[in-house]
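Taking it in order: structure first as structure tokens, then the write-up.
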Amino acid sequence: MKKSSLRRTLSATAIAGGTAALMMAGLAGASAHVSINPDKTAANSYALLTFGVPHGCDTSGTTKVTINLPEELTDATPTVNPNWTIEKVTQTLSEPKKLADGTSITKRTSQIVYTAKTPLDPHQRDALVLSVKLPDTAGKSLYFPTLQNCEQGQTNWAEIPKDGQDPHSLKAPAPSVAVTAADAAAGDDHMAASISTVQAASVSDDGSQARSWAGLIAGVAGLGLGGAAFVRSRSARASASK
């Protein structure tokens, strides 16, 4: 086998492996902050918001996660998670707020506080799910400033981008949901959202990420095996021709 062909084969394999490694690093970076994965974003619909808690504070385990609800929301229904105790914090409004159904409220749920029964290992992740009624105004982003307390230290995911600012430039961005146009066929899907809450509670956004990693690793392994087979076949032909 010519040395030039061998060098090209090995170089192609190395480049593919390096590209896959960079892609995996990008996946890890994208999940490095507390984020929201909504099952729907249509205005005036009930949505399940899955908050992914990807890691602790450096090497310290997470002990508490406090999710602040935006003023546009009056309540949220947390999904039971056996790893945490859950508390709703209410806020007294400065003046009564009239709801779409004509009723008025004087209090709203302002925070959902999750306290870990055992500190969440900094190298593991968990998913916290809330059911909320999205406002009827499309085109607006809802921000959920989230305080993550750890055994040592804390991270306040509360930065909100200014107009025109790239959210990815923030060090500790607040989780957010962009409300889209209402779905005319959706109707009142509160019951459907409640039924699927149990299923959503067992799913975190690292599931697809794990599959992506597995696919990338399998691809790199396949390239490596293909390169080795190519080298063996060329060597066998060269020996046979002598």
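The basis for the numbers below is simple: all heavy atoms, side chains too, and nothing from hydrogens, waters or symmetry mates. Counting from 1, the numbers follow the sequence of the chain as shown.
Taking the side-chain hydrogen bond (donor to acceptor under 3.5 Å, both in side chains) definition, one finds that Glu71 meets it with nothing, sequence neighbours left out.
Side-chain contact between Trp84 and Thr62: present, with at least one pair of heavy atoms (C-beta onward) separated by less than 4.5 Å. A 4.5 Å side-chain heavy-atom check between Leu120 and Val53 finds at least one atom pair inside the cut-off. At least one side-chain heavy atom of Phe51 sits under 4.5 Å from a side-chain heavy atom of Phe144. Annotation: side chain of Leu73 is in contact with side chain of Pro135 (closest heavy-atom distance under 4.5 Å). Side-chain contact between Leu99 and Ile105 is present, with at least one heavy-atom pair separated by less than 4.5 Å. Under the 4.5 Å side-chain criterion, counting only non-hydrogen atoms from C-beta, Ser60 is in contact with Glu151. Between Val89 and Glu87, some side-chain heavy-atom pair lies under the 4.5 Å cut-off. Using a 4.5 Å heavy-atom threshold, the side chains of Gln154 and Leu147 count as touching.
Counting heavy atoms of neighbouring residues, nucleotides and ligands inside a 6.0 Å radius, atom NZ of Lys88 exceeds 12 of them. The neighbour count for Asp163 CG, taken as heavy atoms of other residues, nucleotides or ligands under 6.0 Å away, does not exceed 12. Counting heavy atoms of neighbouring residues, nucleotides and ligands inside a 6.0 Å radius, atom CG of Asp166 exceeds 12 of them. Residue Lys107 places its NZ atom among 12 or fewer non-hydrogen atoms of other residues, nucleotides or ligands, all under 6.0 Å distant. Other residues, nucleotides and ligands contribute more than 12 heavy atoms inside 6.0 Å of the CD atom of Gln91.
Note that CG of Asp126 is 10.0 Å distant from OH of Tyr114, once rounded to the nearest 0.5 Å. Atom CD1 of Ile160 is separated from atom CD of Gln165 by 11.0 Å, given to the nearest 0.5 angstrom. Between the CG atom of Asp136 and the CD atom of Glu72 there is a distance of 11.0 Å, given to the nearest 0.5 Å. In this structure, Asn149 CG and Cys57 SG are separated by 7.5 Å, a value rounded to the nearest 0.5 Å.
Ring orientation note: the planes of Trp157 and His33 are tilted relative to one another, at an angle of 30° to 60°.
For the residue pair Thr103/Asp101, the side-chain donor-acceptor check at 3.5 Å is satisfied. With 3.5 Å as the limit, one finds a donor-acceptor pair spanning the side chains of Thr180 and Thr41.
With hydrophobic clusters built from ILVMFWY side chains whose heavy atoms lie under 4.5 angstrom apart, Val179 shares a cluster with Leu69. Taking hydrophobic clusters as Ile, Leu, Val, Met, Phe, Trp and Tyr residues chained together by side-chain heavy-atom distances below 4.5 Å, Ile36 does not share a cluster with Tyr143.
Tested against Leu49, the residues Pro38, Pro175, Ser131 include a single side chain to side chain contact (heavy atoms under 4.5 Å, CB included) partner, Pro38.
Judged by distance alone, with hydrogens and angles left aside, the side-chain atoms of Asp75 form no donor-acceptor pair with the main-chain N or O of Val132 at under 3.5 Å. The closest donor-acceptor contact from the side chain of Glu95 to the backbone of Thr106 lies at 3.5 Å or more, if one exists at all.
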